[in-house]
Number of protein chains: 2
Amino acid sequence: MGRWEPDARGRMTRAALELFAERGFEQTTACDIAERAGVTERTFFRHFADKREVLFDGSESLVRTAREAILAAPDLPPFDAALVGVVAATDLLEGHREHAAHRARIIEANPGLRERELLKIAALADLTTEALRTRGVAEPAAALAAHSAVAVFQVAFARWVAEEQRADLATCVAETAAALRALV
Amino acid sequence: MGRWEPDARGRMTRAALELFAERGFEQTTACDIAERAGVTERTFFRHFADKREVLFDGSESLVRTAREAILAAPDLPPFDAALVGVVAATDLLEGHREHAAHRARIIEANPGLRERELLKIAALADLTTEALRTRGVAEPAAALAAHSAVAVFQVAFARWVAEEQRADLATCVAETAAALRALV
DNA sequence: GTCTATAGGGCGATAGAC
DNA sequence: GTCTATCGCCCTATAGAC
């Protein structure tokens with residue numbers, strides 16, 4: 001057995017989610033999280049640029065999945081291509097509605113966390129724009145299609161976790177996309 | 001003459017813009033800004049919740065303008081009503097292209113500032129959604145129309161400050177809105 | 001205005017993996 | 001030997017409390 005327990009990163013993300021739920025984000029110090037995970041505070045900051053980042057550990061793979069799906073898709077109109085990326089990203093969340101809702105509640109309760117989430121969503125929009133451009137879509141169509149698809153994702157996600165509906169996320173996205181088309 | 005120089009708030013916002021441009025956001029402390037503005041650090045934090053906030057002093061009136069324009073508008077389809085709000089907000093920026101571009105460059109260079117800007121944009125989307133709902137628009141149409149209009153604003157603003165074009169902001173918004181309609 | 005806790009970066013030491 | 005993860009201590013700026 002090694003000198004340290006394995007999966008320090010996973011232990012830290014789980015500890016953080018627990019502590020934020022128990023006593024709130026602001027009332028939890030980076031030191032508390034590190035302690036519960038069995039590492040030092042300094043190790044925490046080596047894995048995560050700041051305290052908020054520990055809640056967004058999976059976001060990079062989500063964005064990468066969207067990007068790759070767009071690049072691999074058949075030839076489609078810009079908005080449809082952007083939706084392909086969003087749908088691929090949502091696939092990673094499907095089946096984890098409880099966890100997503102739990103996490104969303106923590107983020108909603110703190111403006112600083114909301115801020116960070118918006119940055120991650122903006123990154124999704126930016127990478128989607130870039131992927132569309134790689135597929136030959138010109139500006140401003142690429143940026144507009146990307147922002148619209150991401151707006152669909154946001155609205156659909158909010159409805160999905162709002163508990164009233166039991167539909168899966170893919171269905172929410174499809175319905176919301178149809179609603180947008182009817183609207184503009 | 002009073003005990004203190006007037007317009008401490010204005011002096012602080014100007015000092016901050018200067019210092020951020022001269023040496024960057026991170027290399028400027030709240031203390032530096034206060035010093036150049038001729039106030040104490042404590043006074044700075046009395047006016048602004050945190051260091052970033054000093055760059056977003058006008059954003060509240062922008063959002064309020066958008067909201068009031070929507071509530072005062074004649075009866076329109078949801079997306080058109082949302083655009084009325086965006087256009088009203090952009091009126092406040094018209095004629096200050098140089099200043100807007102300068103400020104945008106500072107924000108773009110710092111992820112933390114980008115984060116704050118996204119929060120302000122999200123506030124614009126949220127208030128627009130709420131205004132549309134007040135006008136009788138149901139969900140998810142209200143949220144989708146608001147997000148789409150704000151996306152148009154973001155893309156149009158980016159093109160406006162990108163220097164190549166000399167068109168005014170209202171023209172950029174109109175063209176971008178037309179592009180979105182053609183797209184979805 | 002003063003005091004203080006927390007965030008978070010710098011640097012060197014240590015101990016395993018290769 | 002190099003590379004990488006962890007640790008410990010020092011530091012400053014932020015931002016809230018009194």
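Sequence lines set the chain letters: A, B, ... in the order given, protein chains first and strands last, and positions in each chain run from 1.
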Novice: To the nearest Å, how far apart are A:Phe25 CZ and D:dG16 P?
Specialist: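 Going from CZ in A:Phe25 over to P in D:dG16 covers 13 Å.
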Novice: If I take atom CD in residue A:Glu35 and atom P in nucleotide D:dG8, what distance separates them, rounded to the nearest angstrom?
Specialist: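 Whole-Å distance recorded here is 13 Å.
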Novice: Using atom types as modelled, flag every donor-acceptor pair under 3.5 Å from a side chain in residues 13-24 of chain B to any protein atom, sequence neighbours excluded.
Specialist:
residue, atom, partner, partner atom, Å
B:Thr13, OG1, B:Gly10, O, 2.9
B:Arg14, NH2, B:Asp7, OD2, 3.4
B:Glu18, OE1, B:Arg36, NH1, 2.8
B:Glu22, OE1, B:Arg36, NH2, 3.2
B:Glu22, OE2, B:Arg36, NH1, 2.9
B:Arg23, NH1, B:Asp32, OD2, 3.0

Novice: Do B:Asp75 and B:Arg135 meet the salt-bridge criterion of a basic N to acidic O distance under 4.0 Å?
Specialist: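 Yes.
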Novice: Let me know the distance between CZ of A:Arg52 and P of C:dT6, rounded to the nearest Å.
Specialist: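 After rounding, the reported distance stands at 18 Å.
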Novice: Quick check: does any side chain N or O of B:Glu41 sit under 3.5 Å from a backbone N or O of B:Ala34, one acting as donor and the other as acceptor?
Specialist: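 No.
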Novice: Considering all heavy atoms of both residues, which atom of B:Val155 and which atom of A:Ala143 are nearest to each other, and what is their separation?
Specialist: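 The answer is CG2-CB, 4.0 Å.
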Novice: Heavy atom of residues 36-48 of chain A under 4.0 Å from DNA chain C: which residues?
Specialist: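 Only A:Arg42, A:Phe45, A:Arg46 qualify.
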Novice: Figure out the CD/P separation between A:Glu26 and C:dA5, and round it to whole Å.
Specialist: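 Atom CD in A:Glu26 sits about 18 Å away from atom P in C:dA5.
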Novice: Look at B:Glu26 together with B:Lys51 and state whether they make a salt bridge at an N to O cut-off of under 4.0 Å.
Specialist: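 Salt bridge: no.
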Novice: If hydrophobic clusters are built by linking Ile, Leu, Val, Met, Phe, Trp and Tyr wherever their side-chain heavy atoms come under 4.5 Å apart, do A:Leu124 and B:Leu119 end up in the same one?
Specialist: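 No, no single cluster joins them.
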Novice: Rounded to whole Å, how long is the line connecting atom CD of B:Gln27 with atom C1' of D:dT12?
Specialist: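 Nearest whole value for this atom pair: 13 Å.
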